[in-house]
Structures are given as C-alpha cells and as structure tokens.
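One structure is given here, and the rest of the page talks about it.
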2 protein chains.
Amino acid sequence: MPSIDPTRRGRRPGDSGTRDAILDAARRRFAHEGFRAATVRAIAGDAGVDPALVMHYFGTKQVLFVAAMEFPLDPAQVVPHLVGSGIDGLGERLVRLMLGVLDELGDTNPMLGLVRSAMGHPDAARMLREFLGEAILDPIAAAVSEQTGADRPRLRADLCASQIVGIIVARQILVLPELAAADRETLVVAYGGTIQRYLTVSLAP
Amino acid sequence: MPSIDPTRRGRRPGDSGTRDAILDAARRRFAHEGFRAATVRAIAGDAGVDPALVMHYFGTKQVLFVAAMEFPLDPAQVVPHLVGSGIDGLGERLVRLMLGVLDELGDTNPMLGLVRSAMGHPDAARMLREFLGEAILDPIAAAVSEQTGADRPRLRADLCASQIVGIIVARQILVLPELAAADRETLVVAYGGTIQRYLTVSLAP
DNA sequence: ACCCTAGTTCAACATCCGTTGATTTCCGCC
DNA sequence: GGCGGAAATCAACGGATGTTGAACTAGGGT
C-alpha cells in the first residue's frame with residue numbers, strides 16, 4: 001500500500017503543526033543568518049516541507065519574517081513589572097531579565113534575528129527600533145524621569161538601547177570569549193550599573 | 001575619430017587610479033550594505049568600471065573585502081597615546097577618538113563595513129574581534145590592570161567592546177534619533193564614564 | 001619600430017533565489 | 001457519501017550574482 005509513502009503529495013493526515021514548524025525553522029535561520037542570507041528554501045528544508053508551502057502560508061518572505069519576529073514578551077506587562085519595584089536596582093532587573101530571555105530562547109530568539117537582520121535591512125532596523133526603544137526603553141526612561149526629574153529621557157533611552165544592543169552583538173554574535181563565558185550575575189552587576197547610570201546621571205557635558 | 005569614444009575597450013591613458021577608486025567604492029558599499037548585499041557589480045558600477053576588472057585586481061570578493069577593510073588607524077600608535085596620559089580620563093579619550101573617527105570617515109568607514117558584515121559573515125566577525133579586541137582593547141585593559149591591580153582584564157576588554165560596538169550599531173546603523181543628534185561631548189561624558197567604569201570597577205557579583 | 005605587459009571590456013556560464021501555477025491528496029462538513 | 005476547500009508537492013520562470021576566459025588597447029622599455 002502506498003498510503004505510507006513519505007514522498008507523496010497532498011494533504012497529510014492528522015493535525016499537522018506545519019505552520020508552527022515553519023515559523024520555528026524561520027526563527028532559527030533568521031536568528032543566525034539574518035534576513036537576506038536565510039533562504040526560503042533552507043527554512044522549508046528545515047521544516048521538512050516544500051518551499052512553495054511557505055509561500056502558501058505567508059505569501060512573501062517579508063511577511064514570514066514579520067510573523068516569525070513577533071516577540072514573546074508583552075511590553076505592557078514587562079515595563080510596569082520592572083518599574084513597579086522602584087528605581088533602585090532597576091538597571092540590574094532589566095539586565096537580568098534580558099540575559100534570561102537571551103539564554104532560554106537561544107536559537108529561536110527573535111531578538112537575535114532582529115538584530116542580525118537590522119544591518120542591511122531597513123525594515124528590520126525599524127522593527128528593532130520600535131520594539132526596543134518605543135515599547136520598552138522609552139516608557140522606562142519616562143517613568144524614571146517622572147520620579148527623579150532627570151532631563152532628556154529619550155536620550156537616556158537611546159543610551160540604554162546602545163548598551164543592550166551591544167550586549168547582544170558582542171555576546172551572541174561576535175561571541176567575545178570572556179563575555180560569553182561570564183557568570184550571569186557578574187554581567188548583571190556590570191551592565192546593570194551602566195543602565196542605572198544612563199537613566200539617572202547628569203548628562204551635561 | 002573613434003579615439004575619444006568613451007565605450008572603447010583597452011587601456012586608458014594616464015595613471016588611472018582605478019584600483020583606489022574600486023577600493024573606495026567597495027568601502028562605501030560594504031559600509032552601508034554589508035558583505036553579502038554589496039554586489040561586485042554595484043561596486044564596479046560606482047567605480048565606473050567593468051565587474052571583471054574588480055576580479056582582475058583582487059581575484060575574489062572576499063579578498064576585496066579584506067583589502068577594503070584595512071584599517072587606517074595603527075593600534076601600535078594609538079594605544080600608547082591613549083594610555084600614556086595616565087588612567088584618569090582614559091575612557092573619555094577613547095570615546096572621543098572613536099566618535100571622531102566615526103564622524104570624519106563617514107561613508108567610507110571600514111569599521112562600519114566590518115560591523116555590518118560581522119552579522120552573518122564569520123570572517124568579518126573574526127576580523128572585527130581581532131581588531132577591536134586583540135589590537136586595541138586588550139592592550140588597554142592590560143595596561144590599566146598592571147597599574148591598578150584590577151582583575152580579569154580580558155573580561156573588562158570585552159565589556160568595553162560591547163559598549164563600543166553598541167555605539168556604532170545604535171548611532172550609525174539603527175540611527176536612534178536622539179543618539180544620532182546628540183552633541184559629541186555629551187556622548188563623550190556619558191560613554192566615557194562607562195568605559196572607565198568597566199576598566200576599573202570591582203567585578204565581583 | 002617592436003613587442004611585452006598591464007589595464008580594460010565583453011560575453012557568457014553555472015548557480016541560486018523568490019515566487020507562481022498547476023496538480024494531487026485528504027480532512028471535515030452537510 | 002459526496003464535495004468543497006485546505007494542505008501539500010512539483011516543475012518551472014525570470015532575475016541576480018560571483019566568476020571565467022577570451023579579446024582588445026595602450027604605454028614603456030629596448
């Protein structure tokens with residue numbers, strides 16, 4: 001009976017979670033090759049599927065990218081949770097949260113795909129800017145500014161963003177050896193102090 | 001007379017600085033498209049030259065990249081100059097130097113090409129790691145460590161590298177608005193303090 | 001006056017990529 | 001028990017890319 005032939009066409013029996021398999025493969029490929037280098041064919045191959053099926057589900061590589069980079073963290077929840085406990089130690093809490101996300105999501109981390117694609121792909125750069133800056137750091141800096149009277153909250157948010165992006169690039173992409181190997185709490189203290197400083201220190205030249 | 005025909009083949013009269021034109025166009029393209037997206041054809045087009053001539057000079061896109069990313073700063077000169085004036089204000093001097101280089105080289109900055117290409121191109125990542133880390137930051141951290149007794153100089157160098165790469169990405173590639181518009185000395189103070197801290201603060205968690 | 005060499009172009013190849021249209025198979029509903 | 005539509009595959013197209021080999025032209029040394 002050819003009903004178990006693995007090379008047959010047509011619909012497969014059961015509740016095939018194929019769409020999710022494609023999204024997962026896409027996240028993995030985008031995360032460590034970037035938008036341009038990650039090919040639809042390779043993603044389809046990883047998901048064990050024909051490239052045309054990817055287009056059937058998403059229509060366009062671009063749309064697939066946007067769907068795959070949807071972030072599993074809701075800023076509307078995370079920001080109040082960070083700021084709610086007060087300004088003291090806010091930097092460390094933010095860094096701890098971020099390192100945690102980086103470590104547990106690993107290969108499938110949308111943030112990695114976003115950062116890697118942002119170079120040379122303006123749409124990805126915009127998505128990263130909007131998520132990191134407008135959704136997370138701007139509200140945090142605004143809250144701090146409201147409570148401490150610190151000036152230029154937007155610039156403070158940008159300063160924080162530059163360090164956070166730098167962490168992702170240096171640790172996950174360049175894989176600077178001591179940084180990649182360092183104990184997480186050591187990094188929380190080192191980077192947390194920087195973030196805290198950017199949020200509160202005087203910015204007059 | 002067809003001797004002035006602009007579409008003719010063969011050698012052009014005079015000392016045509018064509019090789020340099022190609023290198024310049026390559027730097028520009030690599031700097032704001034990255035290794036993969038910058039095509040040999042586009043580079044040749046910018047230089048007003050046939051793509052085959054690029055291959056004739058450099059043999060391979062990869063070799064062209066390495067040649068174009070040769071850095072115009074000699075670490076053997078810059079490091080002693082920075083450290084020689086003492087540890088005080090070292091962070092600010094380093095940041096000021098870097099922002100100066102970023103601003104004056106602009107479109108043709110090899111550092112930009114290196115960072116943008118480092119995502120998704122392991123060779124570029126290695127070049128960036130070697131230049132920034134091993135050639136500049138490791139010696140600086142080692143010198144500081146020797147004079148102050150600070151521990152873990154390599155980790156300190158990696159921490160500095162993560163902030164410097166973050167500056168380049170956030171300011172030149174993501175173009176975070178307030179960061180791109182900020183006065184240079186404001187950034188020197190903000191970032192200089194961070195670098196100084198990474199070089200000297202206690203790293204115990 | 002001659003030839004060698006370096007500069008330069010042209011045309012083409014092989015490969016790979018995103019996308020499309022036709023076709024086949026099966027699930028779920030009436 | 002049939003049937004529409006969703007899931008899946010196949011084969012192909014059109015375009016772009018890095019690279020190659022042959023051809024042509026001019027300058028410079030002898």
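Hydrogens, waters and symmetry mates play no part in the numbers below; they use all other heavy atoms, side chains included. Here the structure is a predicted model, which means the values were calculated and not measured.
- Contact check, B:T18 against C:dT8: a side-chain N or O comes under 4.0 Å of OP1 or OP2.
- For the pair B:I22 CD1 and C:dT8 P, the computed distance is 8 Å after rounding to whole Å.
- In the set C:dG21, D:dA8, C:dT19, the nucleotide with an atom closest to the side chain of A:Y57 is D:dA8.
- Classification of the B:F35-B:H121 ring pair by plane angle, with boundaries at 30° and 60°, yields tilted.
- Separating the CG atom in B:L112 from the CZ atom in B:R171 is a distance of 10.0 Å, to the nearest 0.5 Å.
- For the residue pair A:S162 and A:Y198, no side-chain donor N or O sits within less than 3.5 Å of a side-chain acceptor on the partner.
- Picking from D:dC10, D:dG18, C:dT19 the nucleotide with the shortest atom distance to the side chain of A:A52 gives D:dC10.
- A salt bridge between A:R27 and A:D20 is absent, with no side-chain N of the basic residue lying under 4.0 Å from a carboxylate O of the acidic one.
- If you find the closest nucleotide of DNA chain C to A:Q62 and to B:V49, the one lying nearer the 5' end belongs to B:V49.
- Electrostatic pairing of B:D138 and B:R154 counts as a salt bridge here, judged by a charged N lying under 4.0 Å from a carboxylate O.
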For nucleotides 12-14 of chain C, print each protein N/O atom paired with a nucleotide N/O atom at under 3.5 Å, atom names and distance only.
none

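- Counting non-hydrogen atoms under 4.0 angstrom, A:A38 reaches the backbone sugars and phosphates but no base.
- For the atom pair A:L159 CG and B:L179 CG, the distance stands at 6.0 Å (nearest 0.5 Å).
- Rounded to a whole Å, the NE2 atom of A:H121 is 13 Å from the C1' atom of C:dG18.
- For the pair B:R36 CZ and D:dA16 C1', the computed distance is 13 Å after rounding to whole Å.
- Computed from coordinates, the A:D20 CG to D:dA7 C1' distance equals 15 Å when rounded to whole Å.
- A:T39 has no side-chain polar atom (N or O) that falls below the 4.0 Å cut-off from OP1 or OP2 of C:dC16.
- In summary, the side chains of A:R197 and B:T194 do present a donor paired with an acceptor at a separation below 3.5 Å, with no hydrogens or angles considered.
- Distance from the side chain of A:L53 is smallest to D:dA8 among D:dG18, D:dA8, D:dT20.
- Nucleotide C:dT19 holds its P atom 11 Å from the CD1 atom of A:I43, rounded to whole Å.
- Rounded to an integer number of Å, the gap from A:D50 CG to C:dT19 C1' is 12 Å.
- Residue A:H56 contributes atom NE2, which lies 15 Å from atom P of C:dT19 at whole-angstrom precision.
- Going from atom CE of A:M55 over to atom C1' of D:dA8 covers 15 Å, rounded to whole Å.
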